[in-house]
Amino acid sequence: MSAEDSGWEVDPDDEWGVAVVATVGRQLRLRRESVGMSAAEFGEALGYGEDLIYKIEGGKRIPRPEYLDKADKVLRADGLISAMKEDVAKVRYPKRERALGELEARAVEMQLYEPFTIHGLLQTAEYARSLFLMRRPVYSQDAVERYVTGRVARSVVFERDPAPELSFVLEESSLRRPLGGRDVLRRQLEHLLNVAELRNVELQMMPLEQAEHVGLAGSIEVLKSEDGSAFGRSPVVAGGRWMTARRQLRVLELRYGILRTQALTPGETTQAIQRLWGELS
């Protein structure tokens with residue numbers, strides 16, 4: 001099995017991730033040396049190449065869960081190595097996706113608008129993969145899969161109990177543009193129809209024929225926590241950085257509120273998505 005199949009690249013800009021991977025690698029090396037196994041012998045026992053062993057122990061690759069399970073068994077670690085999977089699972093997601101997931105996990109209400117594509121929380125894996133494959137400069141295949149995995153993992157927000165209130169405004173152009181191909185879009189629309197059935201989710205489509213549109217300046221994200229705190233972001237406010245100042249948040253909430261009045265109702269949106277899905281069948 002090749003190294004590319006047995007781990008993920010480490011993002012050098014993710015300081016926390018680099019530290020975690022380095023610690024895991026060091027613990028693996030110390031455990032291996034304590035039982036008197038060479039890297040070559042350890043690799044043969046695991047079914048991986050010696051080069052991969054050195055990369056993981058040197059903090060250059062993020063080990064997959066199955067690697068840690070095999071290492072735990074070979075080194076007779078009684079679950080100590082397997083227990084590292086929890087921290088490693090977080091590191092495998094890119095820093096940006098991980099940070100977003102942490103904010104979303106605390107939110108009890110979200111107001112989300114994306115003008116160019118379907119919002120990340122609503123994306124299927126294959127739709128997300130199509131987007132990342134289109135990026136320029138080109139992402140490595142390893143990076144693409146890490147971003148896709150991280151983005152899809154954020155959809156756990158739909159399974160939370162108690163469920164947060166989620167409001168999305170989607171552009172009709174995004175629901176028509178066949179990014180990744182017609183089949184990818186058709187399955188993406190099916191996913192949206194399933195999500196629209198959730199009682200805590202409201203999807204509203206901004207029709208192409210709408211004469212007034214307050215969201216042309218860019219995306220809007222407002223996340224509110226149970227303790228009353230809130231975070232907001234838009235490319236035209238505070239340089240696109242996350243902000244907590246009430247004055248700036250009021251601007252975003254005002255724009256989002258108007259945006260919802262200009263878009264179709266949730267019921268009309270479901271009917272519109274059903275029609276678009278039918279055109280692709």
Side-chain angles (χ1 to χ4, degrees), residues 8-9 11 89 92-101 103-105 107 110-160 163-164 166-198 200-208 215 218-221 223 233-235 259 263-264 266 268-281:
W8 299 278
E9 296 175 355
D11 181 358
R92 66 179 289 196
Y93 305 141
K95 183 178 180 179
R96 179 179 180 277
E97 296 290 333
R98 193 170 66 238
L100 274 174
L103 285 176
E104 291 162 353
M110 299 189 213
Q111 301 170 337
L112 306 166
Y113 166 66
E114 170 56 53
F116 303 118
T117 62
I118 294 169
H119 192 276
L121 279 179
L122 297 171
Q123 293 174 9
T124 62
E126 59 181 352
Y127 182 92
R129 183 174 293 105
S130 297
L131 296 183
F132 288 120
L133 287 172
M134 296 175 195
R135 294 289 180 91
R136 295 296 183 273
V138 174
Y139 285 179
S140 69
Q141 191 61 42
D142 185 279
V144 168
E145 293 308 317
R146 285 190 68 207
Y147 273 105
V148 171
T149 301
R151 180 156 295 183
V152 173
R154 287 167 47 206
S155 65
V156 70
V157 69
F158 294 108
E159 303 170 9
R160 278 174 44 195
L166 305 175
S167 169
F168 297 87
V169 176
L170 307 98
E171 288 290 341
E172 180 179 351
S173 57
S174 298
L175 302 180
R176 287 185 174 277
R177 187 173 295 116
L179 299 177
R182 289 172 59 88
D183 289 341
V184 170
L185 178 59
R186 179 171 55 81
R187 287 188 287 270
Q188 175 65 68
L189 295 181
E190 288 177 358
H191 177 64
L192 292 179
L193 291 172
N194 290 331
V195 171
E197 294 179 358
L198 299 175
N200 63 309
V201 177
E202 290 191 340
L203 304 183
Q204 293 183 250
M205 186 183 82
M206 179 66 76
L208 287 170
S219 61
I220 298 173
E221 296 175 274
L223 283 64
R233 183 172 65 170
S234 177
L259 197 65
L264 300 181
E268 293 169 337
T269 296
T270 296
Q271 294 175 1
I273 294 176
Q274 289 172 335
R275 287 195 297 272
L276 293 173
W277 178 84
E279 294 174 6
L280 295 169
S281 301

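Just so it is clear, the values below take in all heavy atoms, side chains as well, and ignore hydrogens, waters and symmetry mates.
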How long is the span from the [atom1] atom in [X] to the [atom2] atom in [Y], to the nearest 0.5 Å?
| X | Y | atom1 | atom2 | answer |
| --- | --- | --- | --- | --- |
| Arg182 | Glu279 | CZ | CD | 8.5 Å |
| Leu103 | Glu221 | CG | CD | 9.5 Å |
| Gln188 | Ile273 | CD | CD1 | 9.5 Å |
| Arg151 | Tyr127 | CZ | OH | 10.0 Å |
| Ile118 | Leu203 | CD1 | CG | 10.0 Å |
| Thr269 | Leu170 | OG1 | CG | 7.5 Å |

- request: List the steps, then state whether side-chain contact (heavy atoms from CB on, under 4.5 Å) holds for Glu268 with Gln204.
  value: CA-CA 8 Å; Glu268 293 169 337; Gln204 293 183 250; over 6 Å; no

- request: Tell me, with the steps shown, if Phe168 and Tyr113 meet ring pair (Phe, Tyr, Trp, His ring centres under 6.0 Å).
  value: CA-CA 6 Å; Phe168 297 87; Tyr113 166 66; over 10 Å; no

Got [X] and [Y] here, is their nearest side-chain heavy-atom distance under 4.5 Å?
| X | Y | result |
| --- | --- | --- |
| Val157 | Met110 | yes |
| Leu208 | Ser173 | yes |
| Leu179 | Val184 | no |
| Leu193 | Thr270 | yes |
| Gln111 | Ile220 | no |
| Glu202 | Leu166 | no |
| Arg176 | Glu171 | no |
| Arg187 | Leu192 | no |

- request: Over all heavy atoms of both residues, which pair between Ser174 and Leu185 is shortest? Give the atoms and the distance, please.
  value: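 Reported closest heavy-atom pair: O-CD1, 4.4 Å.
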
query: Which pair of non-hydrogen atoms, one from Pro164 and one from Ala107, has the smallest distance, and what is that distance?
result: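 Distance-wise, the nearest heavy atoms are CB-O, 3.6 Å.
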
message: Before you tell me yes or no, could you show the steps for Leu133 and Val138 under side-chain contact (heavy atoms from CB on, under 4.5 Å), namely the whole-Å CA-CA distance, both residues' side-chain angles and the distance that decides it to 0.1 Å?
response: CA-CA 7 Å; Leu133 287 172; Val138 174; over 6 Å; no

